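Here the structure is a predicted model, which is why all the values come from computation and not from measurement.
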Amino acid sequence: MATRRAERGRFAPGAGAGAGTRAGAALAALALGLVHAASFSPLAQAGLAALFGMGWFGAGLAWLHISMHVYGGMPWAMAAAAVLLFAAYLSLYPALAVGLAARWGAARAPVAGALGLAGAWTLGELARGWVFTGFPWLAVGYAQLGGPLDRLAPLVGVHGVGAAAALLAALLAALIPGPGAARGRTGVPAALLAAALVAAPLAVPRDAWTRPHGTPLSIRLVQGNVEQDMKFRPERAVAAMRDYTQRFVDGQAALTLLPEIAWTVPWDRTPPAIAQAVLEHVARGHALALGVPTVLPPATPGGRPAYANSVLMMRPGTAVDPYDAAQRYDKHHLVPFGEFVPWGFRWFVDLMTIPLGDFARGAIVQPPFTVGDQRIAFNICYEDLFGEELRLALHGQAGATVLANVSNIAWFGRSHALPQHLAIARMRTLETGRPMVRSTNTGVTAAIDASGRVTAMLEPNTDGVLEVRVQGTTGLTPFVRLGNATAFMLSLAAIVVAVVAARAGRGARSR
C-alpha cells in the first residue's frame, strides 16, 4: 500500500491562519456590538452574546445531526431540535460571561473593559470544558492555529490562547467609539496593548522546554474507511478484520496503529485464522495497537460485565492477554450519550440505534507503552479534547515521549468534524511539546510533529496506510506542569483589574 504525504486542500495544515482571522473578526464583531450596547442592561448584553453563541455552536456542531439522524435513526426534526437545544445550552456560557462583565460595569473603561470581558469569557470557556464532564469543542483558541497567538499554547494552553484572542478582539473594538464609550479617553493604551499581544508571542520559542528523545520510531498508520452503517454487521466486521490484518502483516514498521473499535468484538472472539496471522507478525518483531472493545469482569459478585473502549497493545515477546490491564489502554473520558447515558436521558438514547452505548471508565492516568526508544501514551477519539488530562501521562521518569490517538468519527460523515478534530490534535502537540500520530477510520489520519505541524496525512474518506518516522521528545512545558491553572489565574487577575478600574471610575465621577 503506497504511502501518502501531506495533502493540500481543505484539510491543508496551513489553513489555521485563515480560520484564526475569521474567528478573530467574529469575536471583534461581537465585542464591537457590546461596545455599542454598553448602555443596555446586562441582561440585554447577555442576550446578544447568546445569539452569537447560537450561531457559533449551531453551525460549528451541525455534524451532530448526522450521527443522530443518519446513523442513530432519530427523526430528522427531533435530531435538529436536539442540536439547537445543545447549542442553546453551550450559548449560556458566553452569555453569562458577557452578562457578568456588563454587571461589573468595567466596559466604560476601554482597556479595563477589554480585560474584564476577556477574563470573564475565558472563565466561561473553562467552565464549559468542565461542567457535566465538559465539552470544550470549538474553544476559540483552536482557531488561532497558524497565527502568532498559537505560540502561547505551551505556556497557557488552548484556553490561554483563547483569552489572548478575546482580549485582542475587545481591544480592537474599544478603538471604535460607541454610545457607551468613555468620553475624553485616548485609544493609545488599547492600541499599544493590542500590538503587544500580536508581537510578543513571536518571541516565544517553539522548543524551549523539550528536547529529542531516543531514536525515531517507524510507525504505520492505517485508515480503514469502513462505512459506519455497515461497521457492526457481522459479515462486514469480519471483512474489516481481514483487511486490517493484511495491512498489518504487509508492513515492517516497529508499530502499527489501527483505528478505534477496528475490531467490533473482543479480541478472544477473533476468527482463529485472523488471530494467528496477527500473532505471527507480532512475533516477528512488529508491535500492534488494536482498537477493540474489552469485556471487564463485573464490579460486584453476580453483576453484569462491562465493556471498555480499549487499545490492546500487542508487543513481541509478550503473550497477548486482553484481560491484563498492563496490556491495554482503556478510555477514561467517555462521550455523553455515545458511551455513557447521563442521568435522566435514557429515553433520549433509546430513540437511537447505536451499539455499545455504555462503557466502563479507565483510570485517568495509565502507564505509556514502550516501543523501541519511545514511550507511547494513547488517547481515544474525543479524549484528545482534554489537554488538562492528557498532560498527566507526561509526568515522571517514565512519562510519554509520543502521543497517539485512535478515532472513529465516521458517525459524523463527510463534515467539518474531521478538520476540527485535526486542529484539536495539533493544539495538544503545541501544549505538550510532544508529537502525535493519529489512526482513524475515515480521517484525518496524520502525523503531527511537536511544533503542531502536520508532516504527513491521508486524504479523508479513503482507505490507505501512512508510513512515518516519529521523533519523540522529553521535557515539560509550563502547560504540562500547571495545566489550566495559569489561564484560570490570569483570567481572575484580569477581572479584578476590571472591577477595580470600574469602581475607581465611579468614585471619580461621584466626586
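Judged by distance alone, with hydrogens and angles left aside, the side-chain atoms of His159 form no donor-acceptor pair with the main-chain N or O of Leu126 at under 3.5 Å. Side-chain N or O atoms of Thr455 include one that pairs as donor or acceptor with a backbone N or O of Ala447 at under 3.5 Å.
With respect to Arg361 and Asp330, no salt bridge is recorded, no charged nitrogen being found less than 4.0 Å from a carboxylate O.
Between Trp76 and His65, the ring-plane angle classifies as perpendicular under the 30° and 60° cut-offs. Note: Phe386 and Tyr382 have perpendicular aromatic rings, judged against thresholds of 30 and 60 degrees for the angle between ring planes.
The nearest pair of heavy atoms linking Leu466 to Thr445 is CD2-O, 4.1 Å. Of all heavy-atom pairs between Val465 and Leu458, the closest is O-CD2, 3.6 Å. Closest approach of Ala289 and Phe378 over heavy atoms only: CB-CZ, 3.5 Å. Scanning all heavy atoms of the two residues, the minimum distance from Leu217 to Ala254 falls at CD1-CB, 3.7 Å.
Residues Gln374 and Thr401 bring a donor and an acceptor atom of their side chains to less than 3.5 Å of each other. With 3.5 Å as the limit, one finds no donor-acceptor pair spanning the side chains of Asn379 and Tyr329. Asp373 and Thr215 share a side-chain donor-acceptor pair at under 3.5 Å. One side chain, His333 or Glu389, offers a donor N or O that lies under 3.5 Å from an acceptor on the other. The closest side-chain donor-acceptor pair between His421 and Arg438 falls under 3.5 angstrom. Remark: the Asp463 side chain and the Gln223 side chain contain no N/O donor-acceptor pair separated by less than 3.5 Å.
Inter-residue side-chain proximity for Val402 and Arg375 is flagged as unmet; no heavy-atom pair is nearer than 4.5 Å. Residues Leu403 and Thr429 fail the side-chain proximity criterion, which asks for heavy atoms closer than 4.5 Å. Looking at heavy atoms from C-beta onward, Phe359 lies out of side-chain contact with Thr294 at the 4.5 angstrom threshold.
In this structure, Phe248 has its ring center closer than 6.0 angstrom to the ring center of His281. Taking the six-membered ring wherever Trp is involved, the centroid distance between the rings of Tyr89 and Phe57 does not fall below 6.0 Å.
Note that Arg128 lies outside the cation-pi zone of Trp121, set by a 6.0 Å cut-off to the ring centre and a 45° limit from the axis.
Contacts of Phe412 classified as ring pair (Phe, Tyr, Trp, His ring centres under 6.0 Å), with partners at least two apart in sequence or in another chain: Trp63.
Within the structure, every pair that satisfies the salt bridge (Lys or Arg N to Asp or Glu O under 4.0 Å) test and touches residues 137-158, not counting sequence neighbours, is listed here: Asp150-Arg206.
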